Number of protein chains: 2
Amino acid sequence: MVVARLPQYARVLSQLLEERVEVVNSDQLGERLQITPAQIRKDLSYFGRFGKQGRGYSVRRLLDELNQILGLDRSWNVAVVGVGRLGRAVLSYPGFAPAGFKIVAAFDTSAALVGQQVGNLTVQPMEELDQTVSQHSISIAIVAVPSSQTQQVIDRLVACGVKAIVNYAPTTPLVRKGIRIENIDPVLALQSMTYYLAQDRLWSN
Amino acid sequence: MVVARLPQYARVLSQLLEERVEVVNSDQLGERLQITPAQIRKDLSYFGRFGKQGRGYSVRRLLDELNQILGLDRSWNVAVVGVGRLGRAVLSYPGFAPAGFKIVAAFDTSAALVGQQVGNLTVQPMEELDQTVSQHSISIAIVAVPSSQTQQVIDRLVACGVKAIVNYAPTTPLVRKGIRIENIDPVLALQSMTYYLAQDRLWSN
DNA sequence: GACTGTGAAAAGTTTCACAGCT
DNA sequence: AGCTGTGAAACTTTTCACAGTC
C-alpha cells in the first residue's frame with residue numbers, strides 16, 4: 001500500500017463533501033485522480049471495510065476514517081527554518097492552515113533577520129529552537145535554508161525532537177532511521193520530465 | 001528503472017565535479033543519496049556500461065552520459081502561467097537557470113497583472129500563449145494558478161503544444177496520454193508524513 | 001584486490017476477475 | 001443490478017550474490 005495516495009483520496013473527499021455529494025464509488029474517485037478503481041479499493045481495504053457493496057462509500061464516513069488514519073483529525077504545529085525568499089513564500093502560503101498545519105515559529109541564522117516581523121511571526125534565532133519546539137510540541141519542520149546549511153540545520157532539528165521534515169534545498173540530507181524527510185525540488189521534477197521529452201520517449205506514460 | 005533517481009545521480013556528480021573528484025564508486029554515490037549501491041549499478045546498467053570494474057565511474061564521463069540520457073545537454077525554455085504569490089516565487093527562484101531551464105515568458109489571466117514587469121519579464125495575456133510558445137519552442141510550463149483555473153489553463157497549454165507541466169495547485173488535472181505532468185503540493189507531502197507520526201508508526205521507514 | 005555488471009531471487013505493487021453483500 | 005472486498009496472477013522494483021574485468 002502506498003501511503004502517498006491516501007492524502008489524495010482525503011482531498012477529493014473533502015471536495016465532494018463541499019459539493020454536497022454523499023456517496024461515491026471507486027470508479028468516480030478513480031476518474032478524479034487518474035487511479036484505477038481496483039487500486040483504490042485495494043488501498044482502502046488495507047485499513048478496513050469502509051464501503052457498502054452495491055452502493056459505494058459514504059463520503060463523510062470515508063473522509064473521517066482517512067483523516068484518522070492519516071493523523072489529520074487534529075492540528076499540527078510546524079516550524080519554518082530559513083526566512084529567505086523561499087521561506088517567506090512558505091510562510092505566506094495560505095494552504096497550510098486550512099489543512100491543519102499551523103506555522104507557529106520561524107527561525108533564521110542571520111542576525112539581520114532575527115527579530116523581524118514576517119506575517120504574524122517574529123523571526124527567532126536558532127538558539128531558541130529547543131525551547132520553542134518543546135513549548136509548542138512541534139514535530140514537523142519545513143527547512144528552506146541554503147544547501148550548504150541544510151544538513152546542520154536538520155541535525156539541529158532532529159536533536160530537538162523534530163520527527164518529520166520537509167526540505168526545500170536541492171540536496172539529500174542524511175537523517176537517522178525513524179525520522180521522516182521529504183525533499184521538494186522543482187528542478188528534479190523538471191529533470192525527470194526532460195527524460196521523456198528528450199528522445200521520442202513521449203509515447204511512454 | 002525509476003527515472004526520478006537519474007537526476008539525483010546527475011546532481012551529486014555535478015557536486016563531485018566541483019569538488020574535483022574524478023572517480024566515484026557506487027558505494028560512495030549510495031551514501032550521499034541514501035540509495036543502495038546495487039540499485040545505482042542496476043539503474044546505470046540499464047543505459048550502458050559506464051563504469052570500470054575494480055575502479056568505479058569517471059565522474060565527468062558518467063555525468064555527461066546522464067545529462068545526455070536526461071536531455072540536459074541542452075537548455076529548455078519554460079513558460080510560467082500565474083503570476084500571483086506562488087508564480088512570483090517561481091519566477092524569482094534562482095535554481096532553474098543554472099540547471100538549464102530558462103523562464104522566457106510569464107502569463108496571467110488577470111488584466112491587472114498583464115503588462116506588469118516581474119523580474120526581467122513582462123506579464124503577457126493568455127491570448128499570446130500560442131504565439132509565444134511557438135516563437136520560443138516552449139515545451140515545458142510551470143502552472144501556478146488557483147485550483148479553479150488549473151484544468152482550463154492546462155488544457156490551453158496542451159492545445160498550444162506544451163508537452164510537460166509542473167502544477168503547483170492542490171488538484172489533479174487530467175491530461176491526455178503523452179503529456180507529462182508533475183504535481184507539487186507541499187500539503188500532500190506533510191499529510192503523508194503525519195501518517196507515520198500519527199500512531200507509533202515511526203519505526204517503519 | 002576492488003569494483004562493476006548482471007542473472008536470479010525476493011519483495012513490493014498493481015491489475016484481474018469474481019464471489020458475495022446490499 | 002451494482003458495487004465492494006479480496007485472493008490470485010501479473011508486473012515492477014529492489015536486493016542478493018558472484019562471475020568477470022581492470
Side-chain angles (χ1 to χ4, degrees), chain A residues 1-10 12-13 16 21-66 69 172 177 188 192 195-196 201 203-205, chain B residues 1-10 12-13 16 21-66 69 172 177 188 192 195-196 201 203-205:
Chain A
M1 194 269 322
V2 172
V3 175
R5 278 192 301 267
L6 303 179
Q8 301 199 85
Y9 301 157
V12 171
L13 289 165
L16 290 170
V21 177
E22 294 192 349
V23 174
V24 70
N25 64 39
S26 58
D27 281 49
Q28 298 165 322
L29 285 173
E31 193 161 2
R32 289 230 193 186
L33 292 165
Q34 301 294 86
I35 292 173
T36 63
Q39 179 76 83
I40 292 171
R41 294 200 302 276
K42 194 58 136 192
D43 284 345
L44 297 176
S45 74
Y46 183 85
F47 295 98
R49 299 135 77 94
F50 306 131
K52 277 213 193 349
Q53 279 143 324
R55 300 197 143 280
Y57 301 89
S58 149
V59 172
R60 155 120 316 115
R61 160 94 195 285
L62 186 53
L63 179 55
D64 285 352
E65 296 280 4
L66 281 172
I69 290 162
T172 307
K177 225 186 153 188
L188 288 188
S192 293
Y195 170 81
Y196 296 99
R201 278 187 286 230
W203 42 268
S204 126
N205 217 23
Chain B
M1 193 268 323
V2 173
V3 175
R5 278 192 300 266
L6 303 179
Q8 300 198 82
Y9 301 158
V12 171
L13 289 164
L16 290 169
V21 176
E22 295 191 348
V23 174
V24 70
N25 64 39
S26 57
D27 281 49
Q28 298 165 320
L29 286 174
E31 193 160 3
R32 289 231 194 186
L33 292 166
Q34 301 294 89
I35 292 173
T36 63
Q39 180 76 83
I40 292 171
R41 294 200 302 276
K42 193 60 135 191
D43 284 345
L44 296 176
S45 73
Y46 183 86
F47 295 98
R49 297 135 76 94
F50 306 130
K52 280 216 189 350
Q53 280 143 324
R55 300 198 143 280
Y57 302 89
S58 150
V59 171
R60 153 112 335 104
R61 160 94 197 286
L62 186 53
L63 179 56
D64 285 351
E65 296 280 3
L66 281 172
I69 290 162
T172 308
K177 228 188 150 185
L188 287 187
S192 292
Y195 169 83
Y196 297 98
R201 280 187 284 231
W203 42 269
S204 128
N205 217 23

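Throughout, protein chains are lettered first and strands after them, A, B, ... in sequence-line order, and every chain is numbered starting at 1. This is a predicted model, so every value here is computed, not measured.
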Kindly confirm or rule out a cation-pi arrangement of A:R201 over A:Y195, judged by NZ or CZ under 6.0 Å from the six-membered ring centre and within 45° of its axis?
yes

List the steps, then state whether side chain to side chain contact (heavy atoms under 4.5 Å, CB included) holds for B:V59 with B:V23.
CA-CA 5 Å; B:V59 171; B:V23 174; 5.7 Å; no

Using atom CD of A:Q34 as one end and atom C1' of C:dT15 as the other, report the distance to the nearest whole Å.
17 Å

Atom pair CG/CG of B:L44 and B:L66 - distance to nearest 0.5 Å:
6.0 Å

Could you encode protein contacts along nucleotides 15-22 of chain D as a string, one character per nucleotide from 5' to 3', using B for base contact, S for sugar-phosphate-only contact and - for no contact, with a heavy-atom cut-off of under 4.0 Å?
BBB--BBB

CD of A:E31: more than 12 outside heavy atoms within 6.0 angstrom?
no

Does B:R60 reach the side chain of B:D64, with side-chain heavy atoms less than 4.5 Å apart?
yes

Heavy atoms from other residues, nucleotides or ligands near OH of A:Y46 exceed 12 (cutoff 6.0 Å):
no

Give the rounded distance in Å between these two atoms: CZ of A:R61 and C1' of D:dT4.
13 Å

Between P of D:dG5 and CE of A:M1, the distance in whole Å
15 Å

Would you mind reading off the distance between A:D27 atom CG and D:dT4 atom P, rounded to a whole angstrom?
7 Å

Nearest-Å distance for atom pair CG/P, residues B:D43 and C:dG5:
12 Å

Nearest-angstrom distance from the residue atom OH of B:Y57 to P of C:dC3:
12 Å

Provide, to the nearest angstrom, the distance between the CD atom belonging to A:Q28 and the P atom belonging to D:dG2.
13 Å

Atom CD1 of B:I40 to atom P of D:dT14: distance rounded to whole Å?
12 Å

